[in-house]
Amino acid sequence: MPVSKRIEVNDLNVYYGDFLAVEGVSMTIEPRTVTAFIGPSGCGKSTFLRTLNRMHEVIPGAHVRGEVLIDGNDLYGPGVDPVLVRRQVGMVFQRPNPFPTMSIADNVLAGVRLNNRRMPKSDADDLVETSLQGANLWNEVKDRLHLPGSSLSGGQQQRLCIARAIAVSPDVLLMDEPCSALDPISTLAIEDLIEELKQEYTIVIVTHNMQQATRVSDKTAFFNIAGTGKPGKLIEYDTTSTIFTNPNVQATEDYVSGKFG
Amino acid sequence: MSNETISRPGTGRPADATTGKAGGRPADRVFLGLSTGSAALIMVILAAVALFLIIRAAPAIAANWTTDPNLSHGTTAGHADFWSYVLPLIWGTLWSSAIALVIGAPIAIGIALFISHYAPRRLAGILGYLVDLLAAVPSVVFGLWGIFVIRPFLLPAEQWLVQHLGWIPLFEGPQSGTGSTMLAGGIVLAVMILPIVTSISREIFLQTPRLHEEAALALGATRWEMIRYAVFPYARSGWSAPSCSGSAGRSGRPWRWR
């Protein structure tokens, strides 16, 4: 069983080249909780999420100043390999992205095969089953594990991506609007899954859907941006019920009550 | 109300767009005619070229080369018929192209990968430009380079091959004294197909969906692992085509330093 970890962010700035995209974020995310990031488009919540496993470095010129500690270890310390960070902090994307030429089973095993090439067939089969069961997908695909991952429906593909992410037993699971390309039934399936995964993983989810944030998360962080070209900022971070019923900041109240955004 | 929208001049006609017919508007019909005509023209030209070549070559193909006064001396002397003359040339073309592909394609793919996924943006631009420049070198320059540089350069290596690996039929003696070998031809061809294979591979590699690349990276793939997981599978269908067209374009050139 993976050991879920506490995330501590201290005064983090994110830059794209010279442009300051996110300014001065500090927060602590407790283990085995679901934390939702909400806010209008372009407020930097996805950018900030990506700094939690250094995926922002895929974009040329993107860099950070500040600290991200996972159980006390700085992700941005000298000599820390981003590849190893990403093996500890898994990620699920906005649009389902199974490897199209790989079978369902190979998709689940993709991450493990990066870590250690050879794995006895029985172990591999077990891992495929437990991961797919963990993603609530096993019963739907157990008879066609050899078919390409792209043969599944969108919602099933997204759960396949979750299975692929949890197959490597990460400490933390990041989800970047995982339901935005899915229909309501598939969305419900993913939300149920998040509820179950919370028993084992620390989950951070970016969502545009405020009802979704209230349904799945324990704590909510509201990000906002003062205007185009200004950096995004963390406005308020509290328990989800506080954010949605009794926020401290006027902007938060305006956003969650639908006055803007 | 719907009648009004459809009949209003200058607006799109949804009914036509959905049925795919180039309905009533004259401009549509004219353009359809023009583009269809252009497409048909290329087929007509190709067919005409093929027809011309076949008709004009038919006498030589049918003739008996030992008795025909035009063919029994000169470069065609000593050949019984058309096929005994042409088949070795065709075989030489295929064989040298195969050597060129084996040598050139991996290098071209390596360059393309470096440009698309490893090099910093500015260096990638310069490199891409240099590779395109290579494509602009006239093929006669490559031919001369092959004759005066590659042939003598390869002689010692070929000698070694014949002496030590001569028992393999491929490297069997006697060795060519001038160095005019299939290997020399293949190497020159490899350099000649490099630019086109590189630039098409680079285009294909760059088109790899970002989503797939990120899927691999987020699982903790190194850059090379990401390329193996996302870029190669995506490009697999695409790259065999440029390799072939690259060699087809180049190997048809006059090729007679035997």
Side-chain angles (χ1 to χ4, degrees), chain A residues 17 46 49-50 52-61 81-102 106-117 148-150 157-158 160-170 172-176 181, chain B residues 105-106 109-131 200-244:
Chain A
S46 283
L49 184 79
R50 284 170 164 252
L52 300 182
N53 72 344
R54 296 183 68 164
M55 275 301 286
H56 68 289
E57 292 173 9
V58 170
I59 299 153
D81 185 353
V83 165
L84 297 178
V85 169
R86 292 175 198 145
R87 286 179 189 179
Q88 282 176 35
V89 185
M91 187 156 191
V92 176
F93 294 85
Q94 212 163 349
R95 288 182 43 214
N97 56 357
F99 297 113
T101 54
M102 286 186 198
D106 285 340
N107 259 292
V108 176
L109 294 172
V112 191
R113 292 210 169 115
L114 291 172
N115 289 305
N116 55 337
R117 314 265 134 164
S150 48
Q157 287 188 23
Q158 194 61 300
L160 176 59
C161 293
I162 293 174
R164 179 176 66 187
I166 60 179
V168 294
S169 320
V172 178
L173 207 50
L174 308 179
M175 298 185 172
D176 189 358
Chain B
I109 289 169
I111 299 173
L113 263 187
F114 181 75
I115 293 175
S116 64
H117 283 86
Y118 284 92
R121 202 173 292 179
R122 278 182 55 197
L123 181 62
I126 296 170
L127 266 176
Y129 176 72
L130 285 179
V131 170
I200 298 180
S201 305
R202 177 188 61 193
E203 287 312 308
I204 296 171
F205 293 158
L206 284 174
Q207 282 168 21
T208 310
R210 173 133 232 169
L211 221 53
H212 298 163
E213 295 184 359
E214 289 190 339
L217 290 173
L219 283 174
T222 61
R223 200 171 327 199
W224 169 240
E225 287 165 337
M226 179 274 281
I227 287 168
R228 273 187 19 236
Y229 270 53
V231 179
F232 282 162
Y234 178 78
R236 198 164 291 149
S237 57
W239 85 259
S240 52
S243 301
C244 293

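Numbers restart at 1 for each chain; the letters A, B, ... are given by sequence-line order, proteins then strands. Computation of the quantities below employed the complete heavy-atom set of this structure, encompassing side-chain atoms and omitting hydrogens, waters and symmetry-equivalent molecules.
With a threshold of 4.5 angstrom between heavy atoms, B:E214 approaches chain A through its backbone and through its side chain. Of the two parts of A:P82, neither the backbone nor the side chain holds a non-hydrogen atom closer than 4.5 Å to a non-hydrogen atom of chain B. For A:R164, the parts lying under 4.5 angstrom from a heavy atom of chain B are both the backbone and the side chain. Interface remark: B:R223 contributes no atoms to any contact with chain A (heavy atom separation under 4.5 Å).
The nearest pair of heavy atoms linking A:P96 to B:L211 is O-CD2, 4.1 Å. The two residues B:A221 and A:V83 have their closest heavy-atom pair at O-CG2, 3.7 Å. Annotation for B:H212 and A:P100: closest pair CE1-CG, 3.5 Å, computed over non-hydrogen atoms. Contact detail for B:L219 and A:A110: the closest heavy-atom pair is CD1-CB, 4.0 Å.
For B:E225 and A:R87, the salt-bridge test passes: some basic side-chain N is under 4.0 Å from an acidic carboxylate O.
You'll find the side chain of A:R113 reaches within 4.5 Å of the side chain of B:Y229, heavy atoms only.
Here the CG atom belonging to A:L114 is positioned 10.0 Å from the CG atom belonging to B:L217, to the nearest 0.5 angstrom.
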